[in-house]
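Hydrogens, waters and symmetry mates play no part in the numbers below; they use all other heavy atoms, side chains included. Below, chains carry the letters A, B, ... as their sequence lines are ordered, and counting in each starts from 1. None of the values given here were measured: they were computed from a predicted structure.
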Amino acid sequence: MKDLLNSEMMPAPTPDLQGEPRRRRPAAWPGWRVARRFPLLNIGMVLAALVILASLLAPWITPYPADAGAVIHPDLVLEAPSFAHWFGTDAVGRDIFTRVLFGGRVSIAIVVGVLLISAVIGLSIGLAAGFFGGWLDAVLMRVTDVFLAFPALLLAVALAAMLSASAVNAALAIAFTWWPWYARLARGQAASIRRQGYADAAIVLGAGRARLLIRHLLPNASTAVFVQMSLDAAGIILTAATLSYLGLGAQDPIPEWGLMVAQGQPLATTAWWVITFPGLAILVTAVAFNFIGDGLQNVFDPKRGRS
Amino acid sequence: MSDLLTVRGLRLGFGKTEVVHGVDLQVLEGPYGLGVIGESGSGKTTIGRAVLRLHPALDGSITYRGCDVLTMTRVELSAYRREVQLVFQDGDGALDPRMSVQSAIAEPLAIHRTVARGERRDRVAALLAEVGLGSDLLARYPHELSGGERQRVVIARALALEPKLLVLDEPTSALDVTVQERVLQLIERLREHRSLGYILISHNLAVIDRLSESCVVLYQGAVVERGRTRDLLTTPLHPYTRALRAAVPELGVGRPPSTSRLTDGPPQTSSLLQPAGQGCSYADRCPLAVKMCRSQTPVLREVAGREIACHRAEDSLSL
């Protein structure tokens with residue numbers, strides 16, 4: 001992937017055969033050149049934008065919005081893809097195209113929820129540990145290590161199994177296993193920023209602890225956290241799908257992709273479309289966010305992108 | 001003239017390793033410059049940080065206008081740091097990459113509320129003008145500035161609280177020669193306009209010569225020679241000062257005798273860990289070292305109008 005990025009790097013403007021300097025097309029928006037230099041980021045952003053847009057507009061652009069809920073069409077059971085039903089229908093006759101688009105809303109809500117909860121918890125704990133150091137650091141990081149010692153998916157499954165099965169509880173269970181990564185990341189950032197000249201400068205200029213934390217540590221640690229969030233989005237979608245696939249997450253009639261895959265599994269040989277389209281939705285969305293995460297990492301870390 | 005800052009017997013260390021072994025410094029009321037000369041690892045940056053209480057002192061005293069700096073409470077320390085500021089070695093790391101020039105220079109004004117919110121912008125622009133920068137830089141971020149511009153922004157920020165004393169830690173060493181010159185001119189101008197006292201930490205003898213009245217030469221955390229800058233740089237007596245002097249590249253001017261050249265780098269850690277009090281720390285590199293230099297630690301004494309810690313200072317005079 002790195003080679004691909006390198007080969008796409010913009011060459012310096014060179015005079016062409018007529019000896020007239022080649023003009024760079026004026027950028028429509030400042031991020032345009034960044035986007036051109038990192039094509040995967042570009043593809044990821046377009047894909048993610050399509051997924052998000054389609055999910056948000058689902059009630060208006062799907063042919064049978066009612067099929068996202070608890071309806072039954074006994075006359076339309078397991079219809080193959082056609083003009084009327086692009087992705088076919090499921091075992092109770094609901095339009096799968098409609099349900100896949102609505103499913104995006106569930107996944108996005110879970111991703112946003114999990115990221116917010118784990119970033120807030122992780123940043124607070126990590127910044128405090130890295131900034132104050134000493135015994136507080138030791139205690140907070142040992143607690144974090146305990147959480148990290150369990151395989152994340154197993155912990156999430158165990159927790160989700162303890163709570164009643166629902167999309168919200170699945171999100172809580174995932175967040176519970178996800179925050180320690182943010183805590184570790186934020187702690188490392190805080191500890192390294194604390195040693196920078198500008199942290200000392202702020203102290204000499206009279207900044208108290210609160211100011212140092214909020215005005216200097218938080219903004220400087222947030223870049224790495226932000227990149228990590230975009231990298232994690234794909235993993236959260238997959239974990240949420242896994243939980244619902246195992247029956248520990250969203251329940252029918254909620255159109256959750258993992259749940260739809262689980263429902264389609266016994267029909268895989270007779271009605272391939274039931275399992276295929278929600279599966280593709282998971283794949284496309286996960287890949288899109290992965291591209292964005294990787295791309296952002298390269299944008300924010302020029303050494304990585306150019307080496 | 002009275003003392004602005006007095007440092008007595010200052011000992012500093014990292015963990016259990018002592019790196020500064022009882023240093024005395026004296027800065028008079030400004031305009032006055034005290035130069036601190038030494039190679040990397042001599043403890044000069046740590047001394048600068050200790051003056052601002054960024055590094056804890058193991059022993060000794062720091063007195064600012066009669067007040068004991070080391071026992072100051074939080075509130076007193078805050079007031080002290082309004083009058084004493086540090087200009088960092090590297091303008092790059094000293095500026096928060098996420099803060100514009102405007103917010104960086106306005107930060108001390110906001111913290112100490114010395115200037116009303118509405119007037120801060122004008123004040124910041126005035127400070128920028130004072131260090132020779134235009135107000136077009138206000139919205140820029142550190143990575144959009146050149147090294148010289150960054151260093152001047154750092155100086156402007158340190159001046160925002162109208163300090164009486166500055167600790168200038170290698171203010172020009174990260175800069176190109178031409179940019180160095182402009183920063184030096186700036187410091188010269190500021191010292192007269194603002195009656196600044198300052199401690200100028202540098203390994204560059206030309207900078208020390210130009211900007212300081214008196215200076216101390218540090219070797220491995222101890223003062224080896226102290227006196228008026230003019231005397232020390234024209235007729236250095238301590239073999240180490242002589243070696244530093246001889247190491248300055250000059251254009252077509254004669255050099256001091258070759259016996260005083262530095263022939264090798266600073267000693268390795270193993271010799272740094274040797275217990276103090278076992279002879280002169282410079283003996284291993286010194287061309288004049290005799291038996292006594294390895295058994296007795298020289299103490300500062302007055303020779304030819306300066307203080308020097310060398311058993312053979314008188315012999316240096318006749319060289």
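- Residue Arg157(B) comes nearest to Ala201(A) through the heavy atom pair NH2-CB, 3.2 Å, listed as atom of the first residue, atom of the second, then distance.
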Passes salt bridge (charged side-chain N to carboxylate O under 4.0 Å, His left out), Glu107(B) versus Arg211(A)? Steps please. CA-CA 10 Å; Glu107(B) 190 173 27; Arg211(A) 189 183 189 90; 3.0 Å; yes

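- Atom CG of Leu77(B) and atom CD1 of Ile203(A) lie 10.5 Å apart (nearest 0.5 Å).
- Neither the backbone nor the side chain of Arg82(B) comes within contact range of chain A; no heavy atoms are under 4.5 Å apart.
- Heavy-atom pairs under 4.5 Å with chain A were tallied for Leu54(B), Leu52(B), Val84(B); the largest tally goes to Leu54(B).
- With a 4.5 angstrom heavy-atom cutoff, Ala110(B) touches chain A only via side-chain atoms.
- Residues Arg98(B) and Asn220(A) approach most closely at CG-OD1, 3.4 Å, considering heavy atoms.
- Arg215(A) has no carboxylate O lying under 4.0 Å from a charged side-chain N of Asp96(B), or vice versa, which leaves the two without a salt bridge.
- Residue Ser78(B) holds its OG atom at 11.0 Å from CG of Leu205(A), rounded to the nearest 0.5 Å.
- Residue-environment remark: CZ (Arg120(B)) exceeds the threshold of 12 foreign heavy atoms within 6.0 Å.
- The backbone N or O of Met99(B) sits nowhere less than 3.5 Å from a side-chain atom of His216(A) that would complete a donor-acceptor pair.
- Scanning both residues, Arg81(B) and Val204(A), for their nearest heavy atoms gives CB-O, 3.4 Å.
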